[in-house]
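In what follows, a single structure is set out as structure tokens and then discussed.
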Amino acid sequence: YEGGWGMHGGMMGGHMLGRLARYLDLTDAQKAQVKSMWEAEKPAVMPLLQQLANGHKQMLALTANGNFDQTKVQALANQQAQTLTQLMVAKERLESEVYNKVLTPEQRTKADQLRQKQSARIDQWLQHLANANAAAPANPGK
């Protein structure tokens with residue numbers, strides 16, 4: 001479950017769904033339901049994933065050999081941000097649909113516990129960053 005329900009290799013990626021299905025103890029019928037939901041969402045999501053990958057390639061080309069054009073990089077970054085926004089919305093919509101239409105009350109409790117653990121890991125990471133920032137010299141190199 002490590003970073004959500006799975007944006008690796010596409011939303012609801014096979015290995016992520018597999019881990020989640022095992023953790024929540026999804027039945028075969030539930031797995032089929034989730035797969036069907038993903039298949040319905042896939043035509044809208046796959047072009048976004050392709051767009052994201054193409055944008056990444058464009059950024060690599062744009063900044064090759066140490067090149068940097070603030071205006072071009074900013075424009076491409078803005079495009080990528082829009083694509084990521086659309087993907088995040090689609091992911092959360094699908095997660096909500098699975099949570100509300102597929103999971104039993106017991107499975108929802110387990111899913112909620114996973115989200116709490118994920119939130120705690122984020123809090124730990126933020127605390128680590130705050131500690132690292134506090135330990136950094138105020139004027140490095142001076």
Side-chain angles (χ1 to χ4, degrees), residues 1-140:
Y1 186 76
E2 299 272 325
W5 287 22
M7 291 294 283
H8 280 325
M11 209 162 72
M12 295 300 289
H15 69 284
M16 294 301 288
L17 178 56
R19 288 197 324 204
L20 182 64
R22 281 189 300 279
Y23 182 81
L24 296 177
D25 197 24
L26 297 183
T27 65
D28 288 342
Q30 286 175 310
K31 291 176 197 173
Q33 230 179 325
V34 171
K35 184 176 181 183
S36 176
M37 290 172 167
W38 163 236
E39 291 299 325
E41 191 74 31
K42 197 173 178 179
V45 170
M46 294 310 286
L48 294 171
L49 291 171
Q50 290 172 335
Q51 222 174 309
L52 198 62
N54 286 334
H56 184 68
K57 284 178 65 175
Q58 289 172 5
M59 188 66 77
L60 289 173
L62 187 64
T63 57
N65 302 314
N67 292 323
F68 182 77
D69 179 324
Q70 176 82 30
T71 303
K72 290 179 181 178
V73 168
Q74 185 67 53
L76 186 54
N78 288 341
Q79 290 173 0
Q80 291 289 81
Q82 290 175 3
T83 302
L84 279 171
T85 297
Q86 292 173 309
L87 283 168
M88 290 176 74
V89 169
K91 173 187 170 283
E92 295 304 324
R93 179 179 47 247
L94 183 58
E95 284 186 23
S96 176
E97 193 174 341
V98 169
Y99 185 93
N100 290 307
K101 294 181 180 178
V102 176
L103 300 184
T104 65
E106 296 80 16
Q107 290 167 330
R108 288 181 189 151
T109 298
K110 284 180 108 173
D112 292 340
Q113 289 168 349
L114 274 176
R115 282 187 175 264
Q116 290 169 356
K117 286 179 185 178
Q118 185 179 23
S119 183
R121 282 193 303 267
I122 292 168
D123 287 342
Q124 288 174 343
W125 182 73
L126 289 171
Q127 186 60 50
H128 173 75
L129 288 178
N131 292 341
N133 190 39
N139 293 316

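Keep in mind it's a predicted model, so treat the numbers as computed, not measured. Nothing fancy with the numbering, it's 1 onward along the sequence.
Looking only at distances, a side-chain donor or acceptor of T63 sits under 3.5 Å from a matching main-chain atom of M59. Remark: the backbone N or O of V102 is not paired with any side-chain donor or acceptor of Q33 at under 3.5 angstrom. Remark: the backbone N or O of Y23 is paired with a side-chain donor or acceptor of K110 at under 3.5 angstrom. Between the side chain of N133 and the backbone N or O of L129, no donor-acceptor pair lies under 3.5 Å.
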May I have the list of side-chain donor-acceptor pairs in residues 76-83 shorter than 3.5 Å, sequence neighbours left out?
residue : atom : partner : partner atom : Å
N78     : OD1  : Q74     : NE2          : 3.1
N78     : ND2  : Q74     : O            : 3.3
Q80     : NE2  : L52     : O            : 3.0
T83     : OG1  : Q51     : NE2          : 3.3
T83     : OG1  : Q79     : O            : 3.2

Go through L114 and L20 one step at a time and tell me if the side chain to side chain contact (heavy atoms under 4.5 Å, CB included) criterion holds.
CA-CA 10 Å; L114 274 176; L20 182 64; 4.0 Å; yes
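At least one side-chain heavy atom of V45 sits less than 4.5 Å from a side-chain heavy atom of W38. Within the 4.5 Å cutoff, side-chain heavy atoms of L103 are placed close to those of L26. Considering only heavy atoms from C-beta on, E106 stays 4.5 Å or farther from T109 through its side chain.
When every heavy atom of M37 is checked against every heavy atom of L94, the shortest pair comes out as CB-CD1, 3.7 Å. In terms of heavy atoms, P47 sits closest to P43 at CD-O, 3.0 Å. What you find for Q86 and L48 is that their closest heavy atoms are OE1-CD2, 3.1 Å.
Here the CD-CG distance, from Q124 to N131, works out to 11.5 Å after rounding to the nearest 0.5 Å.
Checked against side-chain hydrogen bond (donor to acceptor under 3.5 Å, both in side chains), N67 has no partners two or more places apart in sequence or in another chain. Taking R93 as the reference, E41 meet the salt bridge (Lys or Arg N to Asp or Glu O under 4.0 Å) condition, with sequence neighbours excluded.
Of the N and O atoms on the side chains of Q127 and D123, not one donor lies less than 3.5 Å from an acceptor on the other residue.
By the 6.0 Å contact criterion, NZ on K117 is open, its count of non-hydrogen atoms from other residues, nucleotides or ligands being 12 or less.
By the 4.0 Å N-to-carboxylate-O rule, K91 lies close enough to E95 to be salt-bridged with it.
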